[in-house]
Number of protein chains: 2
Amino acid sequence: MIDNTITDTSRIKDARFLSKIIKADDAAALIGDGSTVGFSGFVGAGSPLYVPLAIAKKAENLHELGKPYKINIYSGASTDVDLDGALARAKAVGFRTPFNTDPNMRACINSGETKYLDVHLSSLAWQVEAGYFGNMDFAVIEISGITENGELIPTTSVGNNQAWLNYADKIILELNIHQPKELDGFHDVYLQPLPPHRDPIPLKTARDRIGTPYMKVDFSKVVGIVLSSTEDRLNKFTPLDDISIAIGDHVVDFLKIEETAGRLPKGKLLPLQSGIGNVANAVLAGLQRAGYRGLDCYSEVIQDGMLELIKNGVVDFASASALSLSPDGVKDFRANVEFYKEHIVLRPQEISNSPEVIRRLGVIAMNGMLEADIYGNVNSTNVMGTQIMNGIGGSGDFARNGYLSIFLTPSMAKGGAISAIVPFVSHLDHTEHDSMVIVTEYGFADLRGLSPKERAKKMIAIAHPDYRQMLQDYFDRACSEPKAGHTPHILSEALSWHDRYKKTGTMKI
Amino acid sequence: MIDNTITDTSRIKDARFLSKIIKADDAAALIGDGSTVGFSGFVGAGSPLYVPLAIAKKAENLHELGKPYKINIYSGASTDVDLDGALARAKAVGFRTPFNTDPNMRACINSGETKYLDVHLSSLAWQVEAGYFGNMDFAVIEISGITENGELIPTTSVGNNQAWLNYADKIILELNIHQPKELDGFHDVYLQPLPPHRDPIPLKTARDRIGTPYMKVDFSKVVGIVLSSTEDRLNKFTPLDDISIAIGDHVVDFLKIEETAGRLPKGKLLPLQSGIGNVANAVLAGLQRAGYRGLDCYSEVIQDGMLELIKNGVVDFASASALSLSPDGVKDFRANVEFYKEHIVLRPQEISNSPEVIRRLGVIAMNGMLEADIYGNVNSTNVMGTQIMNGIGGSGDFARNGYLSIFLTPSMAKGGAISAIVPFVSHLDHTEHDSMVIVTEYGFADLRGLSPKERAKKMIAIAHPDYRQMLQDYFDRACSEPKAGHTPHILSEALSWHDRYKKTGTMKI
């Protein structure tokens with residue numbers, strides 16, 4: 001809900017900016033049909049909310065008059081329900097990239113209402129700068145303040161904010177006075193120029209600071225500042241279920257084996273990346289139960305569970321691109337902000353997801369997935385090969401470059417109608433060259449060093465028992481085909497499980 | 001053929017090593033059944049040849065006596081016919097990684113005689129060091145000399161040589177006195193430690209030297225030095241055919257457009273990587289015809305065509321991991337060695353293929369492929385989804401991290417029975433997130449910024465005319481499916497083209 005009565009300008013320390021204050025509707029009025037807009041926002045944190053709502057209202061009004069109105073949206077990652085959700089419901093989005101979790105936007109993409117480009121989170125900003133996608137007309141960026149020198153203080157995410165500020169022709173700032181002032185100092189803003197002018201990224205540990213705490217902005221491009229007061233609306237945590245806990249325990253068992261074998265530094269592991277959601281939280285909880293202390297995280301998002309681990313000393317330092325907290329998490333964060341400032345840094349996604357940095361630090365990458373096939377190929381994006389879920393996000397950045405690449409999933413979905421282990425993935429996002437370990441509640445499949453046929457044995461063993469015999473039968477018959485080859489398949493049957501699900505509602509025969 | 005009469009030890013400047021000289025058969029005798037051996041060799045260049053032949057002979061003798069004998073082979077990339085070929089014919093290889101082009105070895109892998117691990121060329125060495133694949137018993141490395149300080153001078157490839165010298169328990173050196181002495185000075189050996197001890201790789205241009213010209217070896221691990229005299233046996237160049245020339249011209253047209261649009265530095269482009277073979281050579285020839293001068297290459301292999309371009313000034317500097325020349329190329333190289341030393345450097349494949357360096361330099365990646373689907377997913381490795389061809393090699397390192405990722409292929413194979421553009425790839429090595437431009441003799445499909453359905457139009461347009469209507473028909477019907485979604489497919493038909501080829505010998509209906 002837009003509150004047009006906010007007048008608190010105390011966070012604007014550079015008086016030049018005061019003259020730019022406008023209402024959200026005025027900001028929306030500037031953004032014409034067909035505009036390309038770079039929004040702030042990463043995993044629901046730090047999105048502007050008033051301007052998108054005003055744009056949605058404008059779109060609905062125009063559509064009622066029979067007039068066309070759609071914009072193209074670039075973001076950091078997923079945004080708030082008042083950004084992707086409101087604009088999708090208004091059918092106001094022609095193009096969307098790089099990542100979305102809003103169900104309304106997802107429906108628009110799958111129906112063809114909105115075109116969607118699925119791109120690695122580390123790559124979008126430089127590809128925009130390189131001119132691969134045409135001009136960016138507007139940046140709409142949430143900030144928590146403006147310094148005396150006219151620099152911008154980010155809020156709960158850094159994402160692609162600095163990049164959009166650099167590349168967009170015109171800039172609209174949304175100054176959210178609800179965001180804690182104490183966010184000042186949590187950010188480390190560093191971007192690279194395009195080749196041939198790139199230097200090594202001088203980051204050697206998760207805790208290094210290599211940039212500036214503030215974002216730079218060309219004042220002459222600022223066409224409006226909208227005052228807002230609203231909080232990130234993030235889902236509450238759901239308690240861990242047994243399956244997630246079992247998956248988390250298998251991950252910890254695997255890491256313990258690696259440590260004992262001398263393949264990971266004792267007691268300290270290597271910097272952890274974990275995705276979002278229940279399974280990721282279960283892994284973190286498992287690490288705590290296993291007695292780990294002083295770990296580093298080099299990840300994309302800090303959620304409530306991570307704050308807990310920092311307080312407990314399990315995690316000593318966490319680097320990410322966003323602080324994506326529930327209302328309870330925000331309360332804790334505000335109450336202990338100076339403590340957390342010693343243990344958290346927020347970076348642009350070009351750095352949090354940098355292949356260079358991930359490989360250098362030796363990150364242990366842990367990501368969810370939709371399905372994997374018997375040879376370890378992974379589908380993270382398209383349900384039944386056709387319906388986009390969220391996008392690849394940062395999973396490719398981390399899985400390809402991680403010291404260990406672990407994928408996690410419950411063995412079944414839809415009450416058992418879908419097996420997460422299938423003969424042939426219906427869409428492929430992470431190849432057999434990048435998936436090292438796959439984990440379900442039935443154990444982990446360590447695929448390192450194995451040829452495809454050896455991998456199949458390991459993968460079938462972690463499938464749900466309801467599907468193991470079917471997988472074994474497929475594999476055996478594939479191996480018996482004439483000229484079965486290096487990667488045996490029965491091509492006429494490889495996608496039959498997905499086809500059966502579409503036709504009968506279950507993969508089971 | 002092994003020549004046991006060589007006695008020239010003049011290239012051994014550290015006298016300690018003289019006591020280690022043994023015959024190839026004695027070296028083979030040291031390598032027991034089940035041993036894991038790291039060989040030098042990258043795209044046929046710089047493989048040891050005497051020791052592998054002696055191992056093959058030993059294996060054949062043991063097999064005749066009914067005794068088992070197989071070794072596990074790690075290399076840089078593909079090796080000589082007297083290494084992979086001889087050992088495969090002797091059925092002496094239990095495990096092979098990371099890349100092979102020998103038809104005998106390919107047959108062993110596809111029949112299951114040999115297990116094969118397909119891994120990115122940039123990743124194998126550190127994964128071996130990390131202990132992911134168990135112990136390495138022997139390194140067998142070709143050298144061209146030993147310095148007074150006991151350092152080793154590589155020959156025509158660097159590959160994983162230093163890594164194998166570091167990790168293997170025992171070392172056998174093959175000193176090839178046929179390799180030009182003047183190779184001294186062409187190499188830049190630099191390896192990274194494992195995390196958490198990695199620093200930024202301090203390489204900022206293709207021509208930077210960051211390491212040492214020689215390889216280090218622990219003398220106490222050296223169990224033998226075999227004197228050899230043999231040349232790299234590399235295929236002669238075949239003249240360019242019309243299809244390759246057309247593909248090369250389309251690539252140059254595309255690069256010209258990028259340059260004109262300001263998306264590439266004018267006249268200089270960015271460092272080029274190009275694969276091997278006819279199509280890659282056609283691209284280089286096209287660049288020469290287009291009048292480019294002073295280009296840089298940051299690639300894996302330098303072939304005859306590159307020497308030509310260096311002499312002509314089209315290429316000013318070429319960085320690679322191997323110098324893979326025909327006999328005529330070797331003659332030219334020897335005649336102009338001091339000139340070439342100013343324009344060429346050979347690096348370990350961990351550096352030539354480094355994701356960090358490739359992204360920093362902004363390499364223009366150009367790689368061949370087997371097939372692509374209508375959405376731009378690429379199969380580089382498994383024919384009809386099951387039969388391994390060569391492996392992924394460095395294509396993933398370059399395609400994922402390149403400033404531009406271009407894939408090249410003739411539109412048909414097997415006299416028209418196979419279309420290179422298919423509804424659904426039968427194996428997937430490079431995802432839609434990484435393939436930017438696909439080129440056939442019918443033009444280029446610039447997929448950047450496009451949603452899947454938009455990509456399909458571009459891909460169908462570059463398919464062979466014989467297959468365009470079939471592709472269009474599949475795509476149209478997929479789009480008409482109920483809930484067609486973001487990536488439309490008819491799952492029961494997606495792999496039917498490959499299935500038909502297997503059953504009828506052609507993809508055509």
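Per chain, numbering begins at 1; letters A, B, ... match sequence-line order. Keep in mind that this is a model prediction, so the values were computed, not measured.
With a 4.5 Å cut-off on side-chain heavy atoms, A/Gln127 and B/Arg448 do not count as touching.
Interface remark: B/Tyr116 contributes backbone and side-chain atoms alike to the contact with chain A (heavy atom separation under 4.5 Å). Within the 4.5 angstrom heavy-atom criterion, only side-chain atoms of B/Asn401, from C-beta onward, approach chain A. Interface remark: B/Val425 contributes backbone atoms only to the contact with chain A (heavy atom separation under 4.5 Å). With a 4.5 Å cut-off on non-hydrogen atoms, A/Lys268 does not touch chain B at all. Residue A/Ser122 touches chain B through both its backbone and its side chain, counting heavy-atom pairs closer than 4.5 Å. Both the backbone and the side chain of A/Ser492 come within less than 4.5 Å of a heavy atom of chain B. Contacts of A/Ala261 with chain B are absent, with no heavy-atom separation under 4.5 Å from either backbone or side chain. Looking at B/Gln192, neither its backbone nor its side chain comes within 4.5 Å of chain A, counting heavy atoms on both sides. Within the 4.5 angstrom heavy-atom criterion, no atom of A/Tyr375 approaches chain B. Contact annotation for A/Glu129: neither backbone nor side-chain heavy atoms come within less than 4.5 Å of a heavy atom of chain B. In this structure, the portion of A/Leu270 lying under 4.5 Å from any heavy atom of chain B is its side chain and not its backbone.
Note: B/His120 leads B/Met436, B/Arg455, B/His498, B/His120 in heavy-atom pairs under 4.5 Å with chain A. Taking B/His430, B/Lys115, B/Met384, B/His489 one by one and counting their heavy-atom pairs under 4.5 Å with chain A, the maximum is reached by B/Lys115. When the candidates A/Ile109, A/Ile392, A/Thr205 are compared by the number of heavy-atom contacts under 4.5 Å with chain B, A/Ile392 comes out ahead. Ranked by heavy-atom pairs under 4.5 Å with chain B, the list A/Asp446, A/Val363, A/Asp434, A/Val383 is led by A/Asp434. With respect to chain A, the highest number of heavy-atom pairs below 4.5 Å among B/Gly362, B/Pro355, B/Ser354, B/Pro196 belongs to B/Pro355. Counting heavy-atom pairs under 4.5 Å between each of A/Glu454, A/Glu432, A/Arg106, A/Arg500 and chain B puts A/Glu454 at the top. Interface remark: of the candidates A/Pro265, A/Pro488, A/Gly134, A/Gly385, A/Gly385 forms the most heavy-atom pairs closer than 4.5 Å to chain B. Heavy-atom pairs under 4.5 Å with chain A were tallied for B/Lys453, B/Gln387, B/Lys483, B/Arg360; the largest tally goes to B/Arg360. Of the listed residues (B/Ser111, B/Ala130, B/Ala478), the one with the most heavy-atom contacts under 4.5 Å to chain A is B/Ala130.
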*Would you please test A/Thr431 and B/Asp429 for side chain to side chain donor-acceptor pair (under 3.5 Å) and show each step?*
CA-CA 6 Å; A/Thr431 70; B/Asp429 299 289; 5.7 Å; no

*Step by step, work out the side chain to side chain donor-acceptor pair (under 3.5 Å) result for A/Asp118 and B/His486.*
CA-CA 11 Å; A/Asp118 196 15; B/His486 177 59; over 6 Å; no

*For the pair A/His427 and B/Asn377, evaluate side chain to side chain donor-acceptor pair (under 3.5 Å) and give the outcome as yes or no after the intermediate values.*
CA-CA 10 Å; A/His427 186 90; B/Asn377 299 289; 5.3 Å; no

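Side chain of A/Arg400 to main chain of B/Gly396: a donor-acceptor pair is present (N/O by atom type, distance under 3.5 Å, no hydrogens or angles).
Heavy-atom minimum distance, A/Leu117 versus B/Leu450: CD1-O, 3.6 Å. The minimum heavy-atom distance between A/Leu495 and B/Leu491, with the atom names listed, is CB-O, 3.8 Å. Annotation for B/Leu361 and A/Pro195: closest pair O-CB, 3.4 Å, computed over non-hydrogen atoms.
Between A/Thr487 and the options B/Thr381, B/Asn110, B/Asn382, a side chain to side chain donor-acceptor pair (under 3.5 Å) holds for only B/Asn382.
A/Tyr132 and B/Tyr403 have perpendicular rings, their planes meeting at more than 60° on a 0 to 90° scale where under 30° would count as parallel.
We find the CD1-NZ distance between A/Ile490 and B/Lys502 to be 9.0 Å, quoted to the nearest 0.5 Å. Here CD1 of A/Ile388 is found 11.0 Å from OG of B/Ser451. Values are rounded to the nearest 0.5 Å.
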Counting only pairs under 3.5 Å, give me each side-chain donor-acceptor contact of residues 197-204 of chain B, with atom names and distances, residues two or more places apart or in other chains.
from: B/Arg198; atom 1: NE; to: B/Pro193; atom 2: O; distance (Å): 3.0
from: B/Arg198; atom 1: NH1; to: A/Arg359; atom 2: O; distance (Å): 2.5
from: B/Asp199; atom 1: OD1; to: A/Lys204; atom 2: NZ; distance (Å): 3.3
from: B/Lys204; atom 1: NZ; to: A/Asp199; atom 2: OD1; distance (Å): 3.2

